[in-house]
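Structure record follows, encoded as structure tokens.
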Amino acid sequence: MKRFIYLISMSIVYTLILVAFNFADKQGIIKDAWKTSSTKTEMIDNHLIANLPLPPPPPPDGG
Amino acid sequence: MNKNHYKIIYRLLNFWFCYIVLIILSSYLPHWENVKFFTYFNYIFIFWILLFTITIALKDPHNKPIFINLSILYFFNSLSYFIIFIGDDYLYGNMQLAYLLYQYSFIISSFIFNFCILFILIKLIFSKIKTWKQYLLTAGILMIISCLIHLPHITSQINSIELHNKLVSNLFKNTFQLNILSLLGIIFYGIYVYLENIHLGEYINLLMASLFISTITNIIYNLSMIYHFNIYDLWLYILNSNAIFISVLLYKKMVYTYSDFGQFYESLLARQYKTGRVKIIPRNQSYNNLALKVLRIYIYQRRYYLLSLLILLGIGIFFFELPAFFTFNLVALILGFSIIVIFYDALYTKRGQQKLYL
């Protein structure tokens with residue numbers, strides 16, 4: 001019986017964490033908190049920026 | 001160490017050197033130029049750990065399934081260097097096949113990692129049921145949860161270069177949610193061991209401690225990929241230090257498993273003390289108590305010094321605007337190590353007070 005209480009309490013805690021995370025993620029709470037506390041060095045993701053595909057060249061003016 | 005041990009270690013070293021030669025040969029292939037030194041180091045250590053886990057799994061009378069699971073995990077991880085040769089197109093969803101390979105290998109490796117941890121918890125809680133039932137229970141729980149988490153994202157594929165952020169962050173969001181399960185599993189393992197005064201055998205608590213640190217670093221890595229604050233190199237430093245720790249631990253476990261005492265003690269545990277009225281005296285308990293006492297007294301006597309160091313570290317991080325990934329990892333590692341020390345201290349103090357010989 002005690003074993004099942006452990007498992008059930010673990011699943012309840014897990015469900016609560018998942019619900020809280022998904023709620024915070026959908027509402028953008030984590031992202032907002034992240035943006036307000038971010039500094040100049042944090043937002044730079046060198047790897048991604050360096051490897052981003054280049055945008056297509058702009059069309060020539062006037063043909 | 002007797003002659004037998006040397007024979008085993010020489011055999012393992014032969015396999016290891018073959019793997020290193022294979023890696024050196026593959027460094028001549030295209031795409032290898034992006035691989036950093038510490039990634040190379042990491043692959044080598046993962047293979048070394050794989051060899052240890054297989055060797056332990058062959059001989060351990062009590063915890064064979066745990067080490068079989070771990071060897072599957074490390075086998076899969078040591079294969080992950082094939083990912084290098086598909087380039088980095090998978091990061092942007094540019095190449096459908098590369099992305100699919102990356103996605104499924106990532107999902108499977110995270111599944112096996114969580115399976116290993118959850119299996120140890122199930123084995124501890126339901127120690128009296130048969131091994132295949134423990135496997136079935138673990139696989140059932142994990143399959144249901146991972147299907148609920150992964151399926152909606154796998155079935156809705158997005159084929160667009162612009163949406164690569166969404167693709168990658170969805171993948172990492174899912175694995176983050178699964179890793180939370182294994183973190184909770186380890187915490188509940190600790191609580192169960194502490195309250196019920198049982199254990200699974202020598203070195204399993206330490207193994208769980210190192211898996212705890214791996215889970216924390218995995219969670220931070222997932223968060224960094226979701227919210228884009230990744231600095232890849234630092235993660236490798238932590239992974240490598242943890243890999244060195246696990247390899248030392250597994251080496252000790254291997255020597256213990258192949259010794260006569262280890263065989264005797266573990267087979268007693270496997271039979272759940274059914275060989276008459278044999279009193280089992282814990283190995284290294286007084287040593288563990290002493291080491292923890294020394295650590296506790298050291299921390300207590302140097303409390304002002306350590307506290308001021310931590311405050312200085314905090315001010316330094318704030319003042320020099322250190323990267324968030326570094327800060328997160330540092331805080332989590334300090335917290336993780338403190339939790340492990342507090343747990344061990346409480347466990348051994350309790351065992352010492354109650355004279356529990358388990």
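First the proteins, then the strands, lettered A, B, ... as listed; each starts at 1. Heavy-atom basis, side chains included; hydrogens, waters and symmetry copies ignored.
Neither the backbone nor the side chain of A:Ser11 has a heavy atom closer than 4.5 Å to any heavy atom of chain B. Residue B:Leu148: no heavy atom, backbone or side chain, is found under 4.5 Å from chain A. In this structure, no portion of B:Leu183 lies under 4.5 Å from any heavy atom of chain A.
In this structure, the ring of B:Tyr192 has its center less than 6.0 angstrom from the ring center of A:Tyr6. For B:Tyr189 and B:Tyr194, the gap between ring centers reaches or exceeds 6.0 Å.
Separation of atoms CG (B:Leu124) and CD1 (B:Ile66) is listed at 9.0 Å; rounding is to 0.5 Å. Note that CZ of B:Phe212 is 10.5 Å distant from CD1 of B:Ile117, once rounded to the nearest 0.5 Å.
Of residues 130-147 of chain B, those residues with a non-hydrogen atom less than 4.5 Å from any non-hydrogen atom of chain A are, in numerical order, B:Ile145.
In this view, B:Phe176 and A:Phe21, B:Ile180, B:Ile219, B:Asn222, B:Leu223, B:Ile226 satisfy the side-chain contact (heavy atoms from CB on, under 4.5 Å) rule, not counting sequence neighbours.
Put simply, the side chain of B:Phe115 does not reach to within 4.5 Å of the side chain of B:Ser182, judged on heavy atoms.
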Residues B:Thr215, B:Asn179; criterion side chain to side chain donor-acceptor pair (under 3.5 Å); working and verdict: CA-CA 7 Å; B:Thr215 316; B:Asn179 277 334; over 6 Å; no

